[in-house]
Structures are given as structure tokens and as C-alpha cells.
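Here the structure comes first, spelled out in C-alpha cells, and everything after it is commentary.
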Amino acid sequence: MRALSASVVLSSIALGGWLTGAAAQSADPQAPPVLDSAAGGFADSSENLPPGVIPQPSIDSPGVVMGVTLGELYTDNLMLAPSGKPKQSSWITEVQPFIKSAYSGPRFSGVLNYALTGYLYSGQSRHNQVAQNLDAHGTLTLLPRHLFLDGSALYGRAVINSELPAGSGTFFLDNNRANIARATLSPYWVQDLGSVGTAMLRYSYGRVLYNTRGIAAQNNDSLTGVSDITSNALQLSLVSPQYETWSWNFGYFDQRLESDAGRSSRFSMARLGAAVPVHGNVSLIADVGKENKYLADGTVDRLGASFWDAGVEWSSTLNDFKVLVGHRFYGRSYQLSWTRTAALLTTSASYVERPTDINQQLLGQGLDAIPSIGLPGIPALREQRVYLMKRATASAAYEMPIGMLRVMLYDERRIYFLLNSAKERVANAHVSWLFDIGALTTLTPTYGWQRYRYQDGQTNYSQYAQLELVHQLDPKDFASLRLRRDSRRVRAAASDVRGYRANVIFLQFTHLF
């Protein structure tokens, strides 16, 4: 199961990309957002960044940003002990060098975001720990206008079992985390067929590796039963020319996820779609096709089920809206996407349904990236079975004269085919309000809440509140003070599950070279 180490995969990849499915109305994958690890938010290549937000070079604005963050952290519950149990407090010193870069040339373009974080513990728990985060992706042009090579390398930590205690920081010694290395390599051919359209043939190889190397743990067999995964995917698409009054597209997608030891999975779909304009910027859209049918005994009837959907698409200066209603092998299905971009307020909402599993989501960065809002929302790494994902999201960002208000809502239901429709559901909300206190200082209160109901009926209620003060000393130096409180309540029949409370004080200083 561990024949290929994470370090071998990461050292062998210098390109980036992502696996994509056969989308009905678009053949273009989207790059995932790059996390600004030092400031705790999403990076932005804009010139008008708030104090303390590190700029992220992009393909449109290439360059290199290097720096180091020094921090001192205090927590009163290092092991996430429950109420009434002895708690370990600790002072923790943090050292984090990082590099963010982007390159754009005639043959290659790519983005690299890497941070190495070391923690030195004092007090009751004398440990040291190293955490790494890598996000790299790019495209190499082998034959202009025809042959390209995408690739990606991602490395970071995730919660092994989301039913057990797991803090929101990598510094907690909670014995419930693993390193995940993800790598993809994807050559593809693009061919212009004139009035027929544009065709693309893509092959994607992916690898997901798990280990607990470098993580302080009391139980070294925490990953027992979790297998590394190899992915092989083939995608064929044909999209009509843009100048046509009505448009059509064809897509075929087949992905095999082979487990080194244990159950494997397969996802296949063949789809034909069309769009016809009816009035102004309004079009009627429809899709028909075949897809895999997942049975309760764990078997898969490949392309054994027909599906269809129909709806409307509308675009204007401010809005992009699409809604589809159809029928799939599990019953009635729905799909929605809406984005409204105004001068000060940007809002979006989406709803999507599709069969998937944890490893397909880990590899499918741009298609169904798993959101992170400071609370674990990912299914347990131990859960390797295929499930029906029904995900709804909504977000809003309101720009004010003295700051920015952001709201995020998320709700996902998971129906496992193998367990006679066993269900999980996770819902969360995240609100942050950035206030400008002068030209060089910001104050950001944040609140996050999550309800996670598992197949066995256990329900976890998690929440956190954070207050962050950031001051820009000069263009290359800034400091921040973060006060955070995390808590979890558990409702379950089992007596060995528990909640916890933890308070954190975090002082950081960042210098850009």
C-alpha cells in the first residue's frame, strides 16, 4: 500500500493541472484558488490588497514573492482534551519560510505556492513538528495549438476520521491527521475541425498517497485500511464553433480509481448537449446521455443508465444564470448556478448532484474542490465508498468604504449506494467582516459554525470565533495578532466520543524579501 512514497511523487513533478469530467456546457477546467497560508485567506494578484495579505503572482501577472513568517502561539488545550479531563497548555514557536511564484512563457506557464512550517513546543509537551503545503500546477505546450501537457502537485494535511476530535490548526497534537500527496499528469490534443467544432482528447494519470510522516501521534496505525490510489482517466469532447447561432457539444469521460489494497471505483459518462437562443441573452439548453448505475451490492453497471436534463441559461452585464431539471438513475435531478457581479456586491449560488468518492474529489481540484472554511468538511479518509453528492453553496462579498463583508453557506448530503442509502449530511456557515482601521491596519472578526451528521447517527456541532488584528509596518513587513476559540459538542450513543474546547493566541510577524 505504501510502495511509492509521497516524496518520490512530489520530487518528480514540476508541472501542474487538474483532472476534469465531461461537462455539458463547457470544456474548460478552472484553476483552484491559491491559499495565502501566512495571512489565512485567499491570495489575490490585485494591487489594492488589504494590509497583511500577501500578493499571489498569477499567469496574467507573473513574478516571485518570497518571505518568512515568525510566530509565537499559546494554546490551553494542545491535545483537545474533553471537559473535566486534564488539559495540556503549551507555548509554540513557529517558523514558516514560503515562496509564491508564477511564470508565463510561449511554451510553459505555471503557478507554485509552497510553505514549510516548523513548530517547536515547550511546556508540558516538548515536541517539534514540520508541516508542508504545496500547490503547483501548469501547462507545457508541446506542439502549438495542438498538443499540451498539464500536471499538478499538491501536498498537505487532512483529518483521517472526522468523527473524532480534530483542531483547525496543524499544531494540535490530536493524532487524527494524515499527509496527502496528490499528483496528476495529463497530455491532451486539441484539433480544430472547422464547421464541425473543436475536439479535445485528454488522458489523465493521477496518484493519491497517504502517510503520517512528521506528525506527532500516539497511534502509528491510524491509517490502517486506507489505501493509496491510482487514477486513469480518458476524456473526449467536441464543442461547436462559437459563431454558430445554436450550439452543441459531445463529451465522453471514463475514470478508473484503482486501490493498492481494497475496493476500487469507476466513473463513466457519455453526454450530448445542445443550446438554442430564444430571446436576447436567453437560451434553452438540454442534455441526454448514458452514465454508470451504482447498485446496493457494490457493483457498477457501466453506462447502464440513461439520463436527460433540460433548462435555461441567461447572461447579462451583471448576471450569469443556469438551471437544469432532469432524471438520472437515482431519480429526479437538479442543477443550478448563478453569479451576480455588481459594483460593490458579488453574490453566487450553486447546486450540483453527482456520484463521486473521496479520492475523485481530492483529484478533481477545479471541478468539485472541497471548500475549507476553518472547519473539517471533508469526508473521513477511511470512507472509500462511492456516494451520491448533493451539494449546495452560496456566497456574498460586499465592499464597503471601510472594509469588506464576506458570507459563505454550504450544505452537502451524501447518500452511500453500498449501504442501502445510508446518509451523511454536513452544513456550515462562515462570516468574516474586515474593517479598515486607518490605511495600514485591519481588524477582522470571523465566526464559523458546522453541523455534521454521520451514518451511525452521531452528530458533531463545531464552531469557532476569531478576532484578527493586522498592521502593515512597511511594504515588506507586517504583524498580526489572532485570538481564536474552537469548540465541538457531540451527540452520540457511543460513550468514547467527546467534544472539546480550545483557546488560541497567535502572534505573527512576516517579512517579504
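Along the sequence shown, residues are numbered consecutively beginning with 1. Predicted model, so just to flag it, every value in this text is computed and none were measured.
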Exercise for the section: Spell out, as yes or no, whether a donor-acceptor pair under 3.5 Å connects the side chain of N133 to the backbone of A115. Expected result: no

Handout entry: Between Y452 and Y454, ring centroids under 6.0 Å
Key = yes

Completion exercise
Between the CD atom in Q255 and the OG atom in S231, the distance rounded to the nearest 0.5 Å is 3.5 Å

Practice task
With R406 as the cation and Y398 as the aromatic partner, state whether NZ or CZ is under 6.0 Å from the six-membered ring centre and within 45° of the axis.
Solution key: no

Practice task
Spell out, as yes or no, whether a donor-acceptor pair under 3.5 Å connects the side chain of S395 to the backbone of M408.
Solution key: no

Completion exercise
Which of S337, S350, S348 passes side-chain hydrogen bond (donor to acceptor under 3.5 Å, both in side chains) with T393? It is S350

Exercise for the section: Report yes or no: does S90 contribute a side-chain atom to a donor-acceptor pair with the main-chain N or O of I92 at less than 3.5 Å? Expected result: no

Practice task
Output yes when R385 and D357 qualify as a salt bridge under the 4.0 Å nitrogen-oxygen rule, no when they do not.
Solution key: no

Fill in the blank from the handout: CZ of R340 to OG1 of T347, rounded to nearest 0.5 Å, is 7.0 Å

Exercise for the section: Measure from the ring center of F329 to the ring center of F417 and say whether it is less than 6.0 Å. Expected result: yes

Problem - Modelled atom types, side-chain donor and acceptor of S152 and T184, under 3.5 Å - result: yes

Problem - Check: D297/T299 side-chain N/O donor and acceptor closer than 3.5 Å - result: yes

Problem - Separation of R157 CZ from T117 OG1 (nearest 0.5 Å) - result: 9.0 Å

Problem - Side chain proximity check, Y500 to V490, heavy atoms < 4.5 angstrom - result: no

Exercise for the section: Flag the pair R414 and E424 as a salt bridge only when some basic side-chain nitrogen lies within less than 4.0 angstrom of an acidic carboxylate oxygen. Expected result: yes

Exercise for the section: Please confirm whether the backbone N or O of R213 pairs with a side-chain atom of N179, one donor and one acceptor, at under 3.5 Å? Expected result: yes

Practice task
Say whether, by atom type as modelled, one donor and one acceptor occur between the side chain of S204 and the main chain of A233 under 3.5 angstrom.
Solution key: no

Handout entry: Qualifying residue, where the test is side-chain hydrogen bond (donor to acceptor under 3.5 Å, both in side chains) with Y464 and the options are R488, H430, R485
Key = H430

Practice task
Using a strict 4.0 Å threshold on nitrogen-to-oxygen distance, state whether R207 and D260 make a salt bridge.
Solution key: yes

Exercise for the section: May I ask you to test the Y416-Q455 pair for a side-chain heavy-atom distance under 4.5 Å? Expected result: yes

Problem - Any N319 side-chain heavy atom under 4.5 Å of T339 side chain - result: no

Practice task
Would you mind reporting whether I160 and L223 have side-chain heavy atoms less than 4.5 Å apart?
Solution key: yes

Problem - Heavy-atom side-chain contact between F267 and Q360 under 4.5 Å - result: yes

Handout entry: Donor-acceptor contact below 3.5 Å, side chain N176 vs main chain P165
Key = yes

Problem - Any Q463 side-chain heavy atom under 4.5 Å of Q450 side chain - result: no

Problem - Under 3.5 Å: donor-acceptor pair, side chain of N249, backbone of L238 - result: no

Exercise for the section: Answer yes when R328 and D309 have at least one side-chain N-carboxylate O distance shorter than 4.0 Å, and no when they do not. Expected result: no

Practice task
Assess whether atom CZ of R501 is packed by more than 12 heavy atoms of other residues, nucleotides or ligands within 6.0 Å.
Solution key: no

Exercise for the section: Find the distance between CD1 (I229) and OG (S265) and round it off to the nearest 0.5 Å. Expected result: 6.5 Å

Handout entry: Distance, nearest 0.5 Å, that separates CD1 of I505 from CG of L483
Key = 6.0 Å

Exercise for the section: Please test Y188 against Q235 for side-chain hydrogen bond (donor to acceptor under 3.5 Å, both in side chains), starting from the C-alpha separation and ending with a verdict. Expected result: CA-CA 9 Å; Y188 63 99; Q235 178 184 349; over 6 Å; no

Practice task
Flag the pair R302 and D254 as a salt bridge only when some basic side-chain nitrogen lies within less than 4.0 angstrom of an acidic carboxylate oxygen.
Solution key: yes

Practice task
Could you check if a side-chain atom of L363 sits within less than 4.5 angstrom of a side-chain atom of V208, using non-hydrogen atoms only?
Solution key: yes

Exercise for the section: Check whether the side chains of T446 and Q466 place a donor and an acceptor atom closer than 3.5 Å, and report yes or no. Expected result: no

Handout entry: Side-chain donor-acceptor contact under 3.5 Å, D486 with S168
Key = yes

Exercise for the section: Determine, for K293 against E291, whether the closest basic-nitrogen to carboxylate-oxygen distance falls under 4.0 angstrom. Expected result: no

Exercise for the section: Tell me yes or no: between the side chains of W449 and N428, is some donor less than 3.5 Å from an acceptor? Expected result: no

Practice task
Determine, for R202 against D150, whether the closest basic-nitrogen to carboxylate-oxygen distance falls under 4.0 angstrom.
Solution key: yes

Problem - Any donor-acceptor N or O pair under 3.5 Å, side chains R491, Q458 - result: no

Exercise for the section: Measure from the side-chain N and O atoms of N232 to the backbone N and O of R256, and report whether any donor-acceptor pair falls under 3.5 Å. Expected result: no

Problem - Chi angles and distances behind the salt bridge (charged side-chain N to carboxylate O under 4.0 Å, His left out) call for E412, R391 - result: CA-CA 4 Å; E412 181 175 315; R391 175 185 291 179; 2.9 Å; yes

Problem - Polar contact flag, side-chain donor to acceptor under 3.5 angstrom, Y119-T170 - result: yes

Problem - Check: E353 and Y334 side chains under 4.5 Å, non-hydrogen atoms - result: yes

Fill in the blank from the handout: CG of L434 to OG of S432, rounded to nearest 0.5 Å, is 7.5 Å

Problem - Donor-acceptor pair between Q384 and N359 side chains, under 3.5 angstrom - result: yes

